[in-house]
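Remarks on the structure that follows.
Here is how names work: the chains are called A, B, and so on, in the same order as the sequence lines, proteins then strands, and each is numbered from 1.
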There are 2 protein chains.
Amino acid sequence: MADPKAGANPLFLRDEDLRAAIELLFFGYRDFTARADVILAKQGFGRAHHRVIYFVGRHPGITVSSLLDILGITKQSLSRVLSQLVRENYILQKKGTQDGRQRLLYLTDKGHELEKLLTTEQRARIAAAYKDAGAVAVDGFRKVMLGIMNDSARRRFKTPEK
Amino acid sequence: MADPKAGANPLFLRDEDLRAAIELLFFGYRDFTARADVILAKQGFGRAHHRVIYFVGRHPGITVSSLLDILGITKQSLSRVLSQLVRENYILQKKGTQDGRQRLLYLTDKGHELEKLLTTEQRARIAAAYKDAGAVAVDGFRKVMLGIMNDSARRRFKTPEK
DNA sequence: ACGATATGTCAACAGTGCTGACGTATATGG
DNA sequence: CCATATACGTCAGCACTGTTGACATATCGT
């Protein structure tokens with residue numbers, strides 16, 4: 001694009017720029033998830049399984065309700081994939097010690113293995129894109145993505161959760 | 001197991017940074033599409049309908065096979081939503097003049113209306129995020145998203161296609 | 001003891017991918 | 001002109017994932 005979109009007039013957003021952004025998100029997200037989808041299909045799993053595996057790996061001991069908050073789906077939808085993952089020994093449930101109603105979720109070794117298999121390619125893809133783009137671009141990417149998401153999701157990134 | 005972060009990655013890319021990127025994409029994309037999904041649901045449509053509406057609006061006169069290339073789905077999947085959109089008068093098909101086998105796709109007025117309704121909020125969301133982030137960040141966002149997507153998709157952005 | 005909360009489950013339905021199998025119209029090369 | 005390839009459409013069936021609605025059980029807190 002030989003167009004002066006930056007510089008003197010940085011806030012002037014043409015329709016073309018907005019359309020481009022929509023498409024960057026569409027193609028980027030599609031290609032980002034495509035490889036993992038293939039691996040999942042071979043195991044009889046889908047993207048929902050991946051998300052559960054991912055976030056349980058990310059937050060060991062997470063409760064079912066926290067996981068529901070993160071995923072933004074109904075408990076019935078989660079139950080379908082979660083119970084399958086527990087049954088097939090990818091995820092372990094432990095009764096909460098403070099609150100016995102809770103079922104704390106952990107990856108088993110088998111679960112860790114699958115998580116690694118699934119996200120290795122995704123991490124490599126991100127790492128390569130980050131490296132090519134450079135540190136300043138990475139910071140810009142973060143800023144824009146944070147701006148796109150809802151407040152509730154943005155808060156996850158603002159407050160260090162560990 | 002608890003901490004494989006620093007060390008392996010050049011350019012200071014910690015495991016934490018890569019995980020954050022994965023989550024930025026997940027939450028960003030999820031929230032980006034959520035509002036449009038609600039509007040679509042009210043019409044008995046889904047995200048697939050939106051994509052068809054969007055890309056036909058973007059490329060008036062596009063052929064079915066080009067649309068298939070862009071969407072990356074099978075013709076049977078496309079047919080289901082496309083024939084519905086044609087039947088309900090959102091999209092118009094014209095027989096190709098050079099090649100009579102082709103069915104060139106156009107939005108009807110009704111189609112344009114729906115497209116506008118669907119993407120107005122998305123554009124506003126992008127515009128707000130872009131404004132907050134600033135021109136430098138926008139450029140970085142573009143760079144990273146281009147780096148994440150596959151070559152074939154990236155080419156759509158490199159070569160100005162109109 | 002009682003109401004609220006955390007979780008699980010059964011059932012039905014919708015949307016959107018997929019594969020496989022055909023069918024028609026049109027273009028193109030020999 | 002004919003044979004083959006291409007563009008498009010469609011029927012059928014299956015899988016995954018989201019939804020709503022209705023219940024059920026265990027546990028917590030008062």
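If you take CZ of B:Arg87 and C1' of D:dG9, they are 12 Å apart, rounded to a whole angstrom. In this structure, the NE2 atom of A:His50 is 18 Å from the C1' atom of C:dG17, given to the nearest Å. Taking atom NE2 on A:His49 and atom P on C:dG17, their separation rounds to 19 Å, with Å as the unit. Rounded to whole Å, atom C1' of D:dG9 lies 11 Å from atom CG of B:Leu78. In this structure, A:Gln84 places its CD atom 8 Å from P of D:dT17, rounding to the nearest Å. Atom CD in B:Gln43 sits roughly 16 Å away from atom C1' in C:dA14 (whole-Å rounding). The separation between A:Lys42 atom NZ and D:dC16 atom P is 16 Å, rounded to whole Å. Rounded to an integer number of Å, the gap from A:Lys75 NZ to C:dT9 C1' is 9 Å.
Nucleotides of DNA chain D nearest to A:Arg80 and B:Arg80 differ in position, and the one nearer the 5' end is that of B:Arg80. In terms of position on DNA chain D, the residue among B:Asp99 and A:Gly100 whose nearest nucleotide sits closer to the 5' end is B:Asp99.
For B:Arg103, counting side-chain heavy atoms from C-beta on, the closest listed nucleotide (C:dG8, C:dG17, D:dC8) is D:dC8. Closest to the side chain of B:Arg101, out of D:dG18, C:dA25, D:dC11, is C:dA25. Nearest to the side-chain atoms of A:Ile73 among the listed nucleotides C:dG8, C:dT16, D:dT19 stands D:dT19. Residue A:Thr63 places its side chain closer to C:dT7 than to any other of D:dT19, C:dT16, C:dT7.
A:Gln93 has a side-chain polar atom (N or O) that falls below the 4.0 Å cut-off from OP1 or OP2 of C:dG8. For the pair B:Gln102 and C:dA27, the criterion of a side-chain N or O lying under 4.0 Å from OP1 or OP2 is not met. At D:dG18, one or more side-chain N or O atoms of A:Arg51 fall inside 4.0 Å of OP1 or OP2 (strictly under the cut-off). Of the side-chain N and O atoms in A:Thr74, one or more sit less than 4.0 angstrom from OP1 or OP2 of D:dT19. A close approach under 4.0 Å does not occur between any side-chain nitrogen or oxygen of A:Lys95 and OP1 or OP2 of D:dA26. For C:dT7, one of the phosphate oxygens OP1 or OP2 lies less than 4.0 angstrom from a side-chain nitrogen or oxygen of A:Ser65. Put simply, B:Ser77 has a side-chain N or O that comes within less than 4.0 Å of OP1 or OP2 on C:dC18.
Atom NZ of B:Lys110 has more than 12 neighbouring heavy atoms from other residues, nucleotides or ligands inside a 6.0 Å radius. Counting non-hydrogen atoms of other residues, nucleotides and ligands closer than 6.0 Å to CZ of A:Arg30 gives a total above 12.
Between A:Asp139 and A:Arg142 there is no salt bridge, since no side-chain N of the basic residue sits under 4.0 Å from a carboxylate O of the acidic one. A salt bridge links A:Arg125 and A:Glu121; the closest N-O separation between the charged side-chain nitrogens and carboxylate oxygens is under 4.0 Å. The pair A:Asp132-B:Lys143 does not meet the salt-bridge criterion, since no charged nitrogen lies less than 4.0 angstrom from a carboxylate oxygen.
The residue A:Gln98 sits close only to the backbone: its heavy atoms come under 4.0 Å of sugar-phosphate atoms, none of a base. No engagement by B:Gly96 is indicated, since no non-hydrogen atom pair under 4.0 Å with the nucleic acid exists.
Judged by distance alone, with hydrogens and angles left aside, A:Gln76 brings a side-chain donor or acceptor within reach of the base of D:dG21, the pair sitting under 3.5 Å.
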What do the steps show when you test A:Leu82 against A:Leu105 for side-chain contact (heavy atoms from CB on, under 4.5 Å), and what is the final call?
CA-CA 10 Å; A:Leu82 180 56; A:Leu105 305 175; 4.1 Å; yes
